[in-house]
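These notes concern the structure reproduced below.
These numbers were taken from a predicted model, which means no experiment stands behind them.
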Amino acid sequence: QVQLVESGGGLVQAGGSLRLSCAASGRRFSNYRMGWFRQAPGKEREFVAATDWSGGNTYYTDSVKGRFTISRDNAKNTVYLQMNSLKPEDTAIYYCAAADSLGLITRPYTYGHWGQGTQVTVSS
C-alpha cells in the first residue's frame, strides 16, 4: 500500500502559478507510475498529467500542454505539478494518484491509490 498526501493548492489570479506536491509513504515509491487528475464541480474526474517510474516519460492532456509540468523526485518520494499561466477553467480539486498496474496511464481505473485532493481556484 502507498499513502498519498497532496499540498500546494490555493487561490490564484488568472495568469498566476502554483506548484502542487504529493508526498507518498508506504511501499517503494519508484514502483509506481504517478498521475494528476482533477475534478471540477458537476464534471467527471479528468486526466491532467502523468509520469512513468523514473520521470523520464511524461504525458499531458492537451489543455495543459506548455503550461503544466509534472516531475518526480524518487529520493523524496514526491511528485510535483508545476502549473503556470493558470486559467479560470483550471479551477478544480486536484488529485494525486499512484498506479502499480500496466493499464492506460491516462485512465483513472489504472490507478489503485488516491490522495484526498487539494483545491485549486483560479479567479478571473
Does the [X] side chain pair with the main chain of [Y], one donor and one acceptor, at a distance under 3.5 Å?
| X | Y | result |
| --- | --- | --- |
| Y60 | I70 | yes |
| T121 | L11 | no |
| R33 | S101 | yes |
| T78 | K76 | yes |

Do Y80 and T69 touch side chain to side chain, with heavy atoms closer than 4.5 Å?
no
Scan residues 90-99 for pairs that pass side-chain hydrogen bond (donor to acceptor under 3.5 Å, both in side chains), counting only residues two or more places apart or in two chains.
R38-D90, R38-Y94, R67-D90
For the residue pair R72 and W53, would you count it as a cation-pi contact if the rule is NZ or CZ under 6.0 angstrom from the ring centre and within 45 degrees of the ring axis?
no
Is it the case that the ring center of W36 lies less than 6.0 angstrom away from the ring center of F68?
no
Quick check, are the ring centers of Y111 and Y32 under 6.0 angstrom apart?
no
For [X] versus [Y], what's the shortest heavy-atom pair and its separation?
| X | Y | value |
| --- | --- | --- |
| L86 | V12 | CD1-CG1, 3.6 Å |
| L4 | C96 | CD1-O, 3.8 Å |
| H113 | V2 | CG-CG1, 3.5 Å |
| A14 | S124 | CB-CA, 4.4 Å |

Could you walk me through whether L81 and V48 pass the side-chain contact (heavy atoms from CB on, under 4.5 Å) check?
CA-CA 10 Å; L81 185 67; V48 176; 4.2 Å; yes
Among E6, M83, Q82, side chain to side chain contact (heavy atoms under 4.5 Å, CB included) partner for L20
M83
Taking [Y] as the starting point, is it possible to reach [X] by hopping between hydrophobic residues whose side chains are less than 4.5 Å apart?
| X | Y | answer |
| --- | --- | --- |
| V120 | F37 | no |
| L18 | I93 | no |
| F47 | M34 | no |

Between S30 and N74, a side-chain donor and acceptor under 3.5 Å
no
So how far is it from D100 CG to Q1 CD, rounded to the nearest 0.5 Å?
9.0 Å
